[in-house]
S.K.: 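The structure follows.
In what follows, residues are counted from 1 in the order of the sequence shown. All values reported here derive from a predicted model rather than from experimental measurement.
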Amino acid sequence: MTRSSSPKRALIGAALAAAFALPAVAGPIGYSAWDVSGTDKLVRFDMASGVGTVIGAIRTAGGTGYTDVDGLAFDGQGRLWGVDDATNTLMRIDTATGAATAVGNMGSNLGANFGLAFGAGGTLYMSADSRLFTVNTSTGAASLVGSFSNGNNVRSLGYDGTTLFGWSSVDTLLAIDGSNAAASTIGGFGFAPATSGRDGMDVDARTGTIWGLGDAEARTYTLNALTGAATVVAQQVCVENNVSNVNCNGGGFNGLAIQAVPEPASFTLAALALLGLGATRRRASAG
């Protein structure tokens, strides 16, 4: 009995290990708004390869197209949010189609170059040039938190679970206090020359890795959270209607939202099935 049960346990253990052996993931999926002539387009990027697939125009069911969607962020429920600085509109965006549902107007005199990130407790933060706001996700109303210290202009935001990061207007990573907008410089990206393009930045919630999406540089990269130093990962290519646009020429990118990918349910189901099989065999042996 002892000799026969040992191989069974080994077999089940090996099967469980195989069931939970997830393939290596080199990079996450990110969404950005392609600022082309006319209505902006939602693009789904494989951050590891730099390949972006155009999903569709960011417009409402009524046909209203948004021309300057700057900030994008996923909430804890996996919904994609965006802000348009031409109309100061908060919206939710369908990642499958690009269709937008307007939530409300955020107010006036907010500035431009919006960045967006969900912080602690699900608070939605928005940067707009030199100021930080919180945004009510039910009404769209924006409330001023304060002005960034040291005259920083912040174009993009990301949150890793403890720190609110900001991408300043000239390739510099900042740490931001969400209670008062105080900004501490972490360090420059190290690009030469540094650019003031409309990059997007966000944090992969699974790994804590900070990712960036270039505009003038046309590349994806990661950022060191301690130094700000950038590591280029891939050159960008945009694919629309099966046609490749090398370096995504013809427009810039405003904002980046990294999609959190949960563990596939199939792995859990496979493990449970194997455990059930092992229990059935033990009962049969005992009988």
Side-chain angles (χ1 to χ4, degrees), residues 30-33 69-76 80-83 85 88 90 106-107 109-137 140-191 194-205 207-215 221-230 253-258 260:
Y31 289 82
S32 187
V69 178
D70 276 2
L72 295 171
F74 280 101
D75 64 15
L80 181 62
W81 297 73
V83 287
D85 76 3
N88 288 351
L90 176 69
M106 297 184 295
N109 300 317
L110 299 179
N113 304 315
F114 297 155
L116 210 61
F118 282 90
T123 300
L124 180 57
Y125 289 100
M126 182 181 75
S127 59
D129 289 332
S130 62
R131 296 181 294 172
L132 181 68
F133 296 84
T134 57
V135 182
N136 186 311
T137 56
S143 300
L144 179 65
V145 174
S147 296
F148 296 118
S149 53
N150 302 322
N152 285 295
N153 286 327
V154 176
R155 291 177 177 268
S156 193
L157 295 172
Y159 182 69
D160 72 347
T162 58
T163 302
L164 181 65
F165 293 100
W167 177 86
S168 79
S169 57
V170 184
D171 287 351
T172 303
L173 184 65
L174 307 174
I176 299 170
D177 187 330
S179 67
N180 58 18
S184 302
T185 299
I186 294 175
F189 296 178
F191 291 147
T195 68
S196 57
R198 295 161 293 177
D199 290 28
M201 180 202 71
D202 198 13
V203 181
D204 182 354
T207 64
T209 302
I210 306 173
W211 284 84
L213 183 73
D215 180 349
Y221 51 89
T222 59
L223 295 174
N224 187 308
L226 299 178
T227 67
F253 288 93
N254 298 336
L256 175 66
I258 298 296

S.K.: Should Leu223 and Phe165 count as side-chain neighbours, where that means a heavy-atom distance under 4.5 Å?
M.R.: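 Leu223 vs Phe165: side chains apart.
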S.K.: May I ask you to test the Phe148-Ser168 pair for a side-chain heavy-atom distance under 4.5 Å?
M.R.: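 Sidechains of Ser168 and Phe148: no contact.
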S.K.: Taking all atoms of both residues into account, what is the closest heavy-atom pair of Tyr31 and Leu72, and its distance?
M.R.: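 Taking Tyr31 first and Leu72 second, the nearest heavy atoms are O-CD1, 3.6 Å.
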S.K.: State, with a plain yes or no, whether a side-chain heavy atom of Leu116 is found less than 4.5 Å away from one of Met126.
M.R.: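 Result yes, sub-4.5 Å side-chain heavy-atom pair found.
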S.K.: Do the non-hydrogen side-chain atoms of Leu157 and Ile176 ever get within less than 4.5 Å of each other?
M.R.: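 Leu157 vs Ile176: side chains touch.
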S.K.: With a 6.0 Å cut-off on ring centres, are Tyr159 and Tyr125 close enough?
M.R.: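 That pair fails the under 6.0 Å test.
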S.K.: Can you name the closest pair of heavy atoms from Ser32 and Gly255 and give their distance?
M.R.: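 Shortest heavy-atom contact: OG-O, 2.6 Å.
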S.K.: Roughly how far apart are Asn113 CG and Arg155 CZ, rounded to 0.5 Å?
M.R.: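 It comes to 4.0 Å.
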S.K.: Between Trp167 and Phe189, what is the ring plane arrangement, given parallel below 30°, perpendicular above 60°, and tilted in between?
M.R.: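 Geometry flag for Phe189 against Trp167: tilted rings.
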S.K.: Minimum heavy-atom separation for Ile258 and Asp202, please, with both atom names.
M.R.: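 Heavy atoms only, the tightest pair is N-OD2, 2.7 Å.
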S.K.: For residues Ile210 and Met201, report the shortest heavy-atom separation together with the two atoms involved.
M.R.: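 Scanning both residues completely, I find the closest heavy atoms to be CG2-CG, 3.7 Å.
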S.K.: Taking the side chain from Asn88 and the backbone from Gly107, do they hold a donor-acceptor pair closer than 3.5 Å?
M.R.: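 The answer is yes, because a donor-acceptor pair under 3.5 Å joins these two groups.
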S.K.: Is there a donor in the side chain of Asn153 and an acceptor in the side chain of Asp129, or the other way round, less than 3.5 Å apart?
M.R.: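 Result is no, nothing qualifies.
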S.K.: For Gly228 and Ile186, which heavy atoms make the closest approach, and how far apart are they?
M.R.: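 For Gly228 versus Ile186, the nearest heavy atoms are N-CG2, 3.7 Å.
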S.K.: With no hydrogens and no angle check, is any side-chain donor or acceptor of Ser156 less than 3.5 Å from a backbone partner on Gly115?
M.R.: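 No; zero donor-acceptor contacts below 3.5 Å.
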S.K.: If I take atom CG from residue Leu173 and atom OG from residue Ser184, how far apart are they, to the nearest 0.5 angstrom?
M.R.: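 Here the interatomic distance stands at 11.0 Å.
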S.K.: When you look at Thr185 and Thr172, which way does the side chain to side chain contact (heavy atoms under 4.5 Å, CB included) test go after all the steps?
M.R.: CA-CA 7 Å; Thr185 299; Thr172 303; 3.7 Å; yes
S.K.: Just verifying a value: how many Å separate Asn152 CG and Leu174 CG, rounded to the nearest 0.5 Å?
M.R.: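 These two atoms lie 4.5 Å from each other.
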S.K.: Does the gap between the ring centers of Phe133 and Phe114 come in under 6.0 Å?
M.R.: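 So the answer is no for these two rings.
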S.K.: Do Asp85 and Leu110 have side chains that approach each other closer than 4.5 Å (heavy atoms only, starting at C-beta)?
M.R.: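 They are not in side-chain contact.
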S.K.: Just jot down the salt bridge (Lys or Arg N to Asp or Glu O under 4.0 Å) partners of Asp177, sequence neighbours excluded, or say none.
M.R.: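 Here no residue qualifies.
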S.K.: Could you report the tightest heavy-atom contact between Val135 and Gly140, atom names first, then the distance?
M.R.: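 Closest approach of Val135 to Gly140, heavy atoms only: CG1-O, 3.6 Å.
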S.K.: Does any donor atom in the side chain of Asp204 or Trp211 lie under 3.5 Å from an acceptor atom in the other side chain?
M.R.: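 The criterion, which ignores hydrogens and geometry beyond distance, is not satisfied for Trp211 and Asp204.
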